[in-house]
4 protein chains.
Amino acid sequence: MPPSTAPRSWKEKQRQEREALILQTAEEVFCEKGYHETSIDEIAARVGIAKGTVYLHFPSKEDLLVALFRRDTEQVISEVEAIASSPGCSAREKLEAILHLLYGELFKKRTRLFYSIYNSPEMRVLLEKKKEMGDHWGQLTHCLEELLAEGQAAGEFDPELPTSVMLSLFLNLVSVRGYERLVGQEGLAPAEVARYLARIYFKGIAAEHKPSC
Amino acid sequence: MPPSTAPRSWKEKQRQEREALILQTAEEVFCEKGYHETSIDEIAARVGIAKGTVYLHFPSKEDLLVALFRRDTEQVISEVEAIASSPGCSAREKLEAILHLLYGELFKKRTRLFYSIYNSPEMRVLLEKKKEMGDHWGQLTHCLEELLAEGQAAGEFDPELPTSVMLSLFLNLVSVRGYERLVGQEGLAPAEVARYLARIYFKGIAAEHKPSC
Amino acid sequence: MPPSTAPRSWKEKQRQEREALILQTAEEVFCEKGYHETSIDEIAARVGIAKGTVYLHFPSKEDLLVALFRRDTEQVISEVEAIASSPGCSAREKLEAILHLLYGELFKKRTRLFYSIYNSPEMRVLLEKKKEMGDHWGQLTHCLEELLAEGQAAGEFDPELPTSVMLSLFLNLVSVRGYERLVGQEGLAPAEVARYLARIYFKGIAAEHKPSC
Amino acid sequence: MPPSTAPRSWKEKQRQEREALILQTAEEVFCEKGYHETSIDEIAARVGIAKGTVYLHFPSKEDLLVALFRRDTEQVISEVEAIASSPGCSAREKLEAILHLLYGELFKKRTRLFYSIYNSPEMRVLLEKKKEMGDHWGQLTHCLEELLAEGQAAGEFDPELPTSVMLSLFLNLVSVRGYERLVGQEGLAPAEVARYLARIYFKGIAAEHKPSC
DNA sequence: CATGAATGAGTGTTCATTCAT
DNA sequence: TATGAATGAACACTCATTCAT
């Protein structure tokens, strides 16, 4: 019975749970209404806490967004890197797995805001202040770029295509708009959509004359 | 000599020119700073008119955005429809022309905000209030969808791919993020990027054994 | 009938009157409640305008205080310098006139806040941000110091006393606390108090054995 | 061996020491930053206790200030009264001793805030709520006033001067502003300044033709 | 008793919108 | 019609105070 660690860890646990709850709620409201249309008051109200409590966890609304971005990016990056470093798979297989990851269950939950951020000039302004966010994102794109280059080197992908173009298009395979249209309105399954997109994309970037033949 | 129409039409012309100028300026500022970070004051100042004058043309900031959206959509739609109805071209050729249109010069000027709008939850909220905007956009997508279906029917495109998926990806070929990265940072020419994207896309959606062999 | 200058000057006049009114009111409330206990809301309410209107004239609460300080300091300085440069008077006569000025009618109106500012650590913090304010004050003290030195040189004042000590005490002859006690509570006339203070002060700093005798 | 009083008195001692420490610290911070710019958090942090603990000793921030005021006033009053009742000294000698007391070491530590309080409207508002404080101060001024009257009666001081004016000026000999300027910036020794001030003051209020004549 | 997380009223500031001139 | 001063609702953020642990 450690009298000092137990309470501390309990308090700490409480604290972290609350922080996660704030983040989760903030993400929901940000996604629903957008960053500027969301007030700290509303986030607090939805969590069921007082406004001031939010500020015990995040020093400003902006930092709340940054924390959210970090949480999601780290989550995604670690999963993506796990896939990227899995042995015995071709670059294409890895990228396809990543696409499914991004488009699949995860998407619904964590990447909506995340994608919106980079597409919106609203956010660019904010992001320029917080260099770290750009760095995180850079980590992800760097990882993808290497896979693409690897695939080109291995003769899987068309070597004439600039890697940056392939990367850009790969990132655009996933989009909030597309998701909502295809999954939300048309009723397609995320995995199905991902499969189609992969099919088009990888066929599109495939090397001209596959090895033999 | 209609003493009332002549001056009225001159006044009217002045009025329309001013309105166009406001729209143009608003678009620039919105693109630079985002909708919420832009104040009516700044738009008016850049145009060189008083804040109140903006309200003589647009009843609210929101309506200014809607008008902007309409202007751009109509512009794009008319150009796209012109291409779509040009005779003697295959669906692929038409779509490729449209892609170049979207990615080319036009993009820099008119479609930045426009694309951001649909990717950002910030804007979705605003736009849901104005049903008409969805209609405009629907007109465009419908037009593209028909071209894609036409291509499938003609055996140009893989008939197994859902048209909606092809459409979604086609729309995603163009993105602000991608444009900035490839054209702005990497220094590629817009037309070059568009060519690469078209190459990947159309190869990706091509029918399996085209000619018959 | 100048159609362009008249309206401008009228507007401008309105504006300046309003600004003066805000300053006046702010001074009253600051004096009554102190800087921190005063809200912009209250100032606006007392003036009878909306809160936002205050911000059309002063960019922040702090700047409102600075403007107030400037207004009063400039007023005082110009009057003090007028006295200091009046010909044919001894240093003592000039300083005595200044003392009467500070203690007299002016005091009631303009210098209350002003004196409080320098005595309060609350304000020191603010003042450090706005160097200009210190400069203004320095102008005043410099002027007084010269008069004191002049008096010493002329054999009017005890040359053994450090000028800085004489200056410091001269400034302390006037005090909010003293004013309130003597004039407010005891019912003495300001001019009478000033006369007594001058009598004590100038006798206290007088040169030991005046010339002859 | 009273098992309840002994630990209680020990606890009580602890408690009082802590209370004194809080007061001391509060005074320092109040002097540095001013009352409003100081947060309970900072005081607690400097003492090394939790914020809530401060509230076990003082029911509010305001009461903390009042307690501080009381502590300092009582301290000063007791010392001043000790001087005032010391036998065999003239009124002037006593007042001179008091002046040195106020200006000397003590000043640096205990009277800064104390003087600011009466000069600042910020504080007047607060202190008017606590009548007792005025009483304390009244005790001190009463004591000084008696010494001045005593000196007048003894023929030391000019009998034509209103005692209240002499009192007011005596209180103003000491000032935060003056102290900082003369001791802090000019580098004069506090005792030296006090000597100069005494010299001026007592010469200024001296009876016309003292001993002989 | 001591703690410090939680509270929520209060405040400075912004800015879309209105309207008298 | 064009103006821009005036408005006031909205919001981020602070901090004295409370209270469950």
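Reckoned from all heavy atoms, side chains included, excluding hydrogens, waters and symmetry mates. Naming: A, B, ... by sequence-line order, numbering from 1 per chain.
As rounded to whole Å, 14 Å separates atom P of E:dC1 from atom CH2 of D:Trp10. Straight-line distance from the CD1 atom of A:Ile43 to the C1' atom of E:dG8: 17 Å, rounded to whole Å. Atoms CG (A:Leu64) and P (F:dC11) sit 16 Å apart, rounded to a whole Å. Remark: C1' of F:dA2 and CG of B:Leu21 are 15 Å apart, rounded to the nearest angstrom. In this structure, NE2 of C:His57 is placed 16 Å from P of E:dT13, rounded to the nearest angstrom. Nucleotide E:dC19 holds its C1' atom 13 Å from the OH atom of B:Tyr55, rounded to whole Å.
Candidate nucleotides F:dA2, E:dA5, F:dT17 were compared by shortest atom distance to the side chain of B:Leu56, and F:dA2 ranks first. The nucleotide whose nearest atom lies closest to any side-chain atom of C:Ser60 is, among F:dT17, F:dT3, E:dT13, E:dT13.
Counting all heavy atoms, side chain and backbone alike, B:Ser60 lies closest to B:Tyr55 at CA-CE2, 4.1 Å. Shortest non-hydrogen contact noted between A:Arg71 and A:Ala20 is NH1-O, 4.4 Å. Nearest heavy-atom pair, B:Lys61 versus B:Tyr35, reported as atom, atom and distance to 0.1 Å: NZ-O, 3.0 Å.
Contact annotation: D:Arg18 side-chain N/O to E:dA2 OP1/OP2 distance is under 4.0 Å. OP1 or OP2 of E:dA16 sits under 4.0 Å from a side-chain N or O of B:Lys61.
Nearer the 5' end of DNA chain E, as judged by each residue's closest nucleotide, is the contact made by D:Ile49, out of A:Lys51 and D:Ile49. Position along DNA chain E of the nearest nucleotide to C:Glu62 versus D:Thr53 favours D:Thr53 as the more 5'-ward residue.
The base-pairing partner of E:dG4, taking Watson-Crick or G-U wobble contacts with both distances under 3.5 Å, is F:dC19.
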